[in-house]
Number of protein chains: 2
Amino acid sequence: MTTELTIGQLAKDVGVNIETIRYYERRSLLDPTSRLPSGYRLYNSEAQRRLRFIKNAQALGFTLHEIEELLGLRVSSKARCRDVQQRAEAKLKHVEAKLRDLQSLARALRSLLQDCRAGQPTDRCPILKAMEDEKHEKGRTVRKEVN
Amino acid sequence: MTTELTIGQLAKDVGVNIETIRYYERRSLLDPTSRLPSGYRLYNSEAQRRLRFIKNAQALGFTLHEIEELLGLRVSSKARCRDVQQRAEAKLKHVEAKLRDLQSLARALRSLLQDCRAGQPTDRCPILKAMEDEKHEKGRTVRKEVN
DNA sequence: CTTGACCCCGTACTATGGTACAGGGTGTAT
DNA sequence: ATACACCCTGTACCATAGTACGGGGTCAAG
């Protein structure tokens, strides 16, 4: 039986801010296992695992909202793997789209810098000029990701 | 001499929300060229260019704060090209770092999905299991194998 | 029994980039 | 002259993911 941790101990253990844990509780992501008569929150190792799950899923690019759903799925794990898989696939697509946007952004910046270094430095700056023109079409470049 | 536009015309022309233009004004990014006695804002082609500049710079990944600085630089363009260049370089580095993060994130998701398809679908989901483990630690998180 | 570290709750604030009213005035066409 | 689209200001609100703070209670050591 693992010792139950206070909020401060849990925070230190997992490496998050105390306030963050309370914030997750407000978001219904992580409830304390129990409370002392004084009201102090106590967390067991299951809660600890859950908090780590949240942090890991976040590191994988999931938002807290998505994590909430994931945690819901996790409860009854039968045949739910497909759901999780689908979400992970969607997330991957999303990440890949963002990757493409950033790559085109990097290319644009690089070519701008090329021009800039080639051109006369005190003259009209090519970067500013480029940004004044409407060259960077809003079509496939850099669109704002929407979940 | 281009006709001056009202806020609604400008919004339609550039393709942004009216409120966004007023928001930029609050942020001191874009002032109307003049006002009618009624208070109606009027914008000339210079303002129009400035708004486009903002949108293009945004599309290049600059925040409104950075754009504010860029616009400041633009005022007296003499010998400022170096400044702009430096900012663009910093931004490029930033973008490249983000690109690396996203790439490792995509790799992690892909490898998780690999495991998932290989494993038996109704069993314990490998993705969920992976997220429960503390493998992905906060350092440079989420990357299983490198490059 | 007091000190200090820890915890409680509730609320407000941060940054980012807007969007949405409410309650009014204006411009113009019919 | 009246409908209707458009504009004004000011304020509040949205999502996201927390962080900070005030004013108090609690726990353990000395």
Side-chain angles (χ1 to χ4, degrees), chain A residues 3-43 47 51 53-71 91 94 98 138 142-147, chain B residues 3-43 47 51 53-71 91 94 98 101 138 141:
Chain A
T3 326
E4 305 223 302
L5 304 174
T6 64
I7 194 170
Q9 290 164 339
L10 177 64
K12 187 163 295 175
D13 192 280
V14 179
V16 302
N17 193 310
I18 286 180
E19 301 295 340
T20 301
I21 296 175
R22 285 202 263 255
Y23 173 68
Y24 289 167
E25 190 176 334
R26 283 204 294 285
R27 299 263 320 230
S28 300
L29 286 170
L30 180 68
D31 281 320
T33 313
S34 61
R35 296 260 192 164
L36 288 179
S38 57
Y40 281 29
R41 291 165 177 84
L42 290 178
Y43 300 89
L51 179 53
F53 177 96
I54 295 170
K55 283 290 145 194
N56 287 326
Q58 234 176 358
L60 283 171
F62 291 91
T63 65
L64 288 184
H65 179 71
E66 290 167 327
I67 291 167
E68 209 177 319
E69 296 176 336
L70 248 20
L71 285 166
K91 181 53 65 179
H94 188 118
K98 192 154 186 176
K138 45 220 69 195
V142 185
R143 88 218 113 195
K144 268 207 180 262
E145 87 248 53
V146 183
N147 281 335
Chain B
T3 326
E4 304 223 303
L5 304 174
T6 63
I7 193 169
Q9 290 164 339
L10 177 63
K12 187 165 293 175
D13 191 282
V14 179
V16 302
N17 193 309
I18 286 179
E19 301 295 340
T20 301
I21 296 175
R22 286 202 264 254
Y23 172 68
Y24 289 167
E25 190 176 336
R26 283 205 293 289
R27 298 267 315 234
S28 301
L29 285 170
L30 180 70
D31 281 319
T33 313
S34 61
R35 297 260 191 164
L36 287 179
S38 58
Y40 281 29
R41 291 166 178 82
L42 290 177
Y43 299 88
L51 179 53
F53 177 95
I54 293 169
K55 282 291 146 193
N56 287 326
Q58 233 176 0
L60 284 172
F62 291 91
T63 66
L64 289 184
H65 179 72
E66 290 167 327
I67 291 167
E68 207 178 321
E69 295 177 336
L70 248 21
L71 285 166
K91 179 55 62 176
H94 190 118
K98 192 152 190 173
D101 286 353
K138 52 218 67 179
T141 329

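The structure displayed is predicted, hence computed values, not measured ones. Lettering follows sequence order; numbering is per chain, from 1.
- Residues passing the side-chain contact (heavy atoms from CB on, under 4.5 Å) test with B:Ile18, sequence neighbours excluded: B:Ile7, B:Ala11, B:Arg22.
- Between A:Pro37 and A:Phe62, the one whose closest nucleotide on DNA chain D sits nearer the 5' end is A:Phe62.
- Regarding contacts with the backbone of C:dG18, a side-chain N or O of B:Tyr24 is found under 4.0 angstrom from either OP1 or OP2.
- Atom CG of A:Leu64 is separated from atom P of D:dG18 by 5 Å (rounded to the nearest Å).
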Show me the donor-acceptor pairs within less than 3.5 Å that the side chains of residues 35-43 of chain A make with the rest of the protein, sequence neighbours left out.
unit_1, atom_1, unit_2, atom_2, d
A:Arg35, NH1, A:Gly39, O, 2.9
A:Arg35, NH2, A:Glu25, OE2, 3.3
A:Arg41, NE, A:Glu25, OE1, 2.7

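- Proximity of B:Thr20 to the phosphate of C:dT19: a side-chain N or O atom is located under 4.0 Å from OP1 or OP2.
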Could you encode protein contacts along nucleotides 6-13 of chain C as a string, one character per nucleotide from 5' to 3', using B for base contact, S for sugar-phosphate-only contact and - for no contact, with a heavy-atom cut-off of under 4.0 Å?
-> BSSS----
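- The salt bridge (Lys or Arg N to Asp or Glu O under 4.0 Å) search around B:Asp13 returns B:Arg52, not counting sequence neighbours.
- In this structure, A:Glu68 places its CD atom 14 Å from P of D:dG18, rounding to the nearest Å.
- Side-chain N/O atoms of A:Gln58 include one lying less than 4.0 angstrom from OP1 or OP2 on D:dG18.
- Residues forming a side-chain contact (heavy atoms from CB on, under 4.5 Å) with A:His65 (at least two apart in sequence, or on another chain): A:Arg27, A:Thr63, A:Glu68, A:Glu69.
- The OH atom of B:Tyr23 sits 4 Å away from the C1' atom of C:dG17 (whole-angstrom rounding).
- Taking both residues in full, the closest heavy atoms of B:Gln9 and B:Leu5 are given as OE1-CA, 3.4 Å, listed atom of the first, atom of the second, then distance.
- By the side-chain contact (heavy atoms from CB on, under 4.5 Å) test, B:Tyr24 is found to be paired with B:Thr20, B:Leu29, B:Leu30, B:Leu51, B:Ile54, B:Lys55, B:Gln58, B:Leu64, residues two or more places apart in sequence or in another chain being considered.
- Atoms CG (A:Asn17) and P (D:dT19) sit 4 Å apart, rounded to a whole Å.
- As a whole-Å value, the separation of A:Arg27 CZ from D:dT16 P is 7 Å.
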